[in-house]
Structures are given as structure tokens and as C-alpha cells.
Undergrad: 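I'd like to ask some things about the structure below.
Note that ligands are numbered from 1 as they come in the structure, with each ligand's atoms numbered from 1 the same way. All of these numbers come straight from a predicted model, not from anything done at the bench. All values below come from the heavy atoms of this structure, side chains included, with hydrogens, waters and symmetry mates left out.
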Amino acid sequence: MDKLLVRGGKPLAGTVRISGSKNAALPVMAATLLTPGVHRLRNVPRLRDTQTFARVLELLGAKVAFDGNLLTIDTQDANSVEAPYELVKTMRASIYVLGPLLARFGRAKVSLPGGCAWGPRPVNLHLTGLQAMGAQLEIDHGYIVGRNAKLKGATIGFDVVSVGATAQLMMAAVLAQGTTVLENAALEPDVTVLGEVLVGCGARIEGLGSRRLTIHGVPSLQPIDTTIIPDRIEAATFAAVAAMTGGTIRLENVIPDQFEAALRKLEESGCTLQRSADAVTVSGAARPRPVSVVTQPFPGFPTDMQAQMIAVCTIADGTSVVEDTIYTDRFTHVPELARMGARIELKGNVAVVKGVDRLAGAQVMATDLRASACLVIAALAAQGETLVDRIYHLDRGYESLEQKLVALGADIRRIH
Ligand code: EPU
């Protein structure tokens, strides 16, 4: 199992080009199932998760080819409707194929995703929404089985804001008969962009970027031809690297508005920012100031940056408070940071972080994607050597992370 060896303690500086967004690419990949034809997706990050999703599409009968970051998906002959446990268990986002399969074929058999490293992560909103649209679903031997569905428009109100359920039902609704209204929809750019891509293919969606989406079903769509947006979480993670190491990093190929909440928090912690239309330069202070952070659905501070922000707070000049309201037990990084000398008290979903002068290198273990990013950031600022174990999580969500960090001056090496 690969590990990363990091010798920390120096400011990182330079320019980094941000890759395409994993969480924007995955639903668009699923949406290719809605229409038989050849779909082209540019700027798709080469990651374990996009490769796993490509494999899911292949099992459904699609022909999938990566050429650099251009992904071509031919769904002309995709006529299988079964997404097996072996793949779905490795990536929850595979559930995204359910809505498109029901919309196009009227049937689907998709493994129910299990829990994940930080909690149960239910899919009840996906299922009740599809049922409200007329899908007959049952759980059979761990699979969600949908039969004889002729999806019809419905009005569906979410009691919590869900990125996945909004994207799922939007995909199901674009080919359904009649009008679907989604209330309390997610505003995350990944969802809005999916809607824009579908509109580009002939879908009729009103209210994109608002909490109320109205989707008028159409009989068919054109194939997708699109460029995936930059990864706002990767961008914010590199911004946190500048904050943590006191360096200056220019983030290129970004849409600053899409990670404004994280940028504002880093500014509050002492970073200086220079923004332009598609780039941000982040200069870290000699030592971060303490901050108070509460994760919220977009446009609030993202849960996917909670761990990286805690890393920054560990060396702040005072006590920070970080609360995660989206995933209340997503804190597996906390005991690992403690191994590096961080002083963090966890009270339910609130981490109280008392800043220390310096972290010290240690052997640590990552348990999920963003926790891994947090440990790497911490290691870059820590005195001495840190060995980060189980970094396959990083390969799920950060394209060429070590190469990008090395280009910024990091002393980081993968050990096979
Ligand atoms: N929820 C339910 N029922 C559902 C679905 C969600 O109660 O049926 C709850 C969740 O338990 C959570 C909240 O709703 O408390 C929000 O979850 P959401 O559905 O928005 O999450 P998701 O779609 O499963 C996506 C990202 C995650 C990111 C969350 C929140 C993808 C592939 N995943 O997950 O990304 O944390 O939105 O922004 O887009 C990551 O990239 O590291 C990652 C985990």
C-alpha cells in the first residue's frame, strides 16, 4: 500500500493549475446514460473515482475512452441496467446511474451503497424522490431494484439539502412525462452545472442556481459535449497549503466565486488574496489567526474543506472552533493530527482547536479523501518527517497531488 513521505517546514510557493472537478464530472458521466450516442467530456480529472465510474459505465454496456483529460463515452449500445456491489461499494457516487437508467429503460438494478468511513450516509431522499415520480423500487439482496417504471413529473420537497439527491432527481426528471418541481434543491456548482449541461442537450429546466427547480420532461436529448468546471475543493485545498506553510501560491484555472466561503475564511485567518476572473493568489501569514468555522450547504463553507481548515487551525495563534453540520462525525483526522502534536478537543460535531507553535512529523494514517488532504497539509508545515499511510484515498480525488506539490517546492515522495 502506497505511503507518502513528507519533510515539512518550509513555505511553498509558485503556480498550480487546478484540475477538473471530480464531483462535477461524476454526475455528468452518469447523465450520458440518458441518451444513446457519443458524448464528449473535456477537463475530466484522471482519478480513481472517475476511472471507477468509467468502469461502471462499461459494465452497463458503454464504450469509454480517456485521451488525456478528454473522456469519450459511447452509450449507443449501453443496454445493461445492473451496477454491481463490487464497484458501488468502492464509490458511493455510482448510485448516480439509478435515475438515468430508470428514465431511459424504465428499470435498474443498482447495489445499495454501504456506509462510509465517517457514517451511514443514507440515500433515502434519492429513493423516495424516484418513488414519488412513479418508480417501483424494492430492496432485494442488497440491491435497489426498479421495474416497469414510466417516470412521471412530481413535486418533491427535500427536508435536507442534498447534492446527490438533487442531481439524481434532475437526471430522472428531464425525460419524465410532465413537470417535476424540486423544492429546497442544492445550489452547489456541481448541481447547477449538471443542469446547464442537460439544458445544452435540450432539457427544459427553470430556476437553476435557486432552491426551486422546475423541470419539464422532454422525449429525448442530444449527446453531451462539455468541459468540466475546475475543482473548487482542490483549489481551496491548495489555498490552505499556502495558509499552512506561510507561502504564496497562485491558483490558475479556477472560478473564485465557487470557493468564496473558503477564501473568505482563509482571509480571516490572515491570508492575503489577489483575485482575478480565473486565478487567485493566496499568501499565507507568518502564523494563521484563529477562526470560527461552521460548514453549510453552498454557498456556505463546504464540509469537504473542514478537515483542511482544521489543519490550518492547529498552528493558529489562539483557539479556533470548527463545527460540521453536514456530516457530524467526519473527524477521523483529529486523532491523527494529535499524533503530530495538535491540541484538539472534539465535542460531538464541534472541534475546539488550540493552536500550537509547531506540529511535529509523525506516522499517521488517512481514512478518507479529505482527511488525507488534511494530513498532507499538516505534514508540509510540520517539523521533520511525516509518513502518511493509506494514501489511496488521495488518489480518489486529487489529480497529480505530489507532482503539483513538488512543483511548489515540497519535499514529498511516494513510497510503494
Ligand atoms: N442525506 C440524507 N439522505 C439522502 C442524501 C443525503 O439524509 O438521501 C444527508 C446526508 O447524510 C448529509 C446531507 O444530506 O447530511 C448532505 O449530503 P449530500 O447528499 O449533499 O452528499 P452527497 O451527494 O452524498 C456530495 C459530495 C461529497 C460532499 C457532499 C456535501 C459527490 C460525489 N460527493 O455527496 O463529496 O461531501 O456532497 O457537499 O459529489 C468528497 O468529495 O470528499 C465528498 C465526500
Undergrad: Between Arg264 and Glu267, does at least one N-O distance fall below 4.0 Å, as a salt bridge requires?
TA: no
Undergrad: Which is it for Tyr327 and ligand 1 at heavy atoms under 4.0 Å: side chain, backbone, both or neither?
TA: side chain
Undergrad: Does any N or O atom in Glu188 lie less than 3.5 angstrom from one in ligand 1, N or O only?
TA: no
Undergrad: Are Glu188 and Arg232 ion-paired here, with the side-chain N under 4.0 Å from a carboxylate O?
TA: no
Undergrad: Purely on distance, is any nitrogen or oxygen of Tyr96 under 3.5 Å from one on ligand 1?
TA: no
Undergrad: Begin with the C-alpha distance, continue with both residues' side-chain angles, and end with the deciding distance and a verdict on salt bridge (charged side-chain N to carboxylate O under 4.0 Å, His left out) for Asp395 and Arg414.
TA: CA-CA 12 Å; Asp395 299 332; Arg414 186 179 284 245; 2.8 Å; yes
Undergrad: Under 4.0 Å from a heavy atom of His126: which atoms of ligand 1 are those, numbered in the order shown and with their elements?
TA: 8 (O)
Undergrad: Does CD belonging to Gln222 count more than 12 external heavy atoms closer than 6.0 Å?
TA: no
Undergrad: I need the Glu234 CD to Glu399 CD distance, nearest 0.5 Å.
TA: 7.5 Å
Undergrad: Provide the number and element of each atom of ligand 1 under 4.0 Å from a heavy atom of Ile326.
TA: 12 (C), 15 (O), 16 (C)
Undergrad: Can you tell which of Val280, Asp278, Leu273 makes a side chain to side chain contact (heavy atoms under 4.5 Å, CB included) with Pro256?
TA: Val280
Undergrad: Going by the closest heavy atom to atom 34 (O) of ligand 1, which one wins out of Arg121, Lys22, Arg370?
TA: Arg121
Undergrad: Please verify whether a non-hydrogen atom of Arg330 lies at under 4.0 Å from ligand 1.
TA: yes
Undergrad: Is any side-chain heavy atom of Leu175 closer than 4.5 Å to one of Leu151?
TA: no
Undergrad: Can you figure out which of Val161, Thr325, Val163 has its heavy atom closest to atom 16 (C) of ligand 1?
TA: Val161
Undergrad: For atom 5 (C) of ligand 1, which of Pro122, Gly397, Ala93, Ala24 has the closest heavy atom?
TA: Pro122
Undergrad: Please list, in number order, the atoms of ligand 1 under 4.0 Å from a heavy atom of Gly164.
TA: 19 (O), 23 (O)
Undergrad: Before giving the answer on side-chain hydrogen bond (donor to acceptor under 3.5 Å, both in side chains), spell out for Arg42 and Thr227 the whole-Å C-alpha distance, their side-chain angles and the decisive distance to 0.1 Å.
TA: CA-CA 4 Å; Arg42 286 171 293 277; Thr227 301; 3.2 Å; yes
Undergrad: Atom CZ of residue position Arg107 - does it have more than 12 heavy atoms of other residues, nucleotides or ligands inside 6.0 Å?
TA: no
Undergrad: At under 4.0 Å between heavy atoms, which part of Thr303 makes contact with ligand 1: side chain, backbone, both or neither?
TA: side chain
Undergrad: Between the candidates Asp159, Thr295, Thr328, Val160, which shows the shortest non-hydrogen contact distance to atom 1 (N) of ligand 1?
TA: Val160
Undergrad: Of the backbone atoms (N, CA, C, O) and the side-chain heavy atoms from C-beta on, which set of Asp304 has a member under 4.0 Å from an atom of ligand 1: side chain, backbone, both, or neither?
TA: side chain
Undergrad: Show me which atoms of ligand 1 lie under 4.0 Å from any heavy atom of Leu369.
TA: 42 (O)
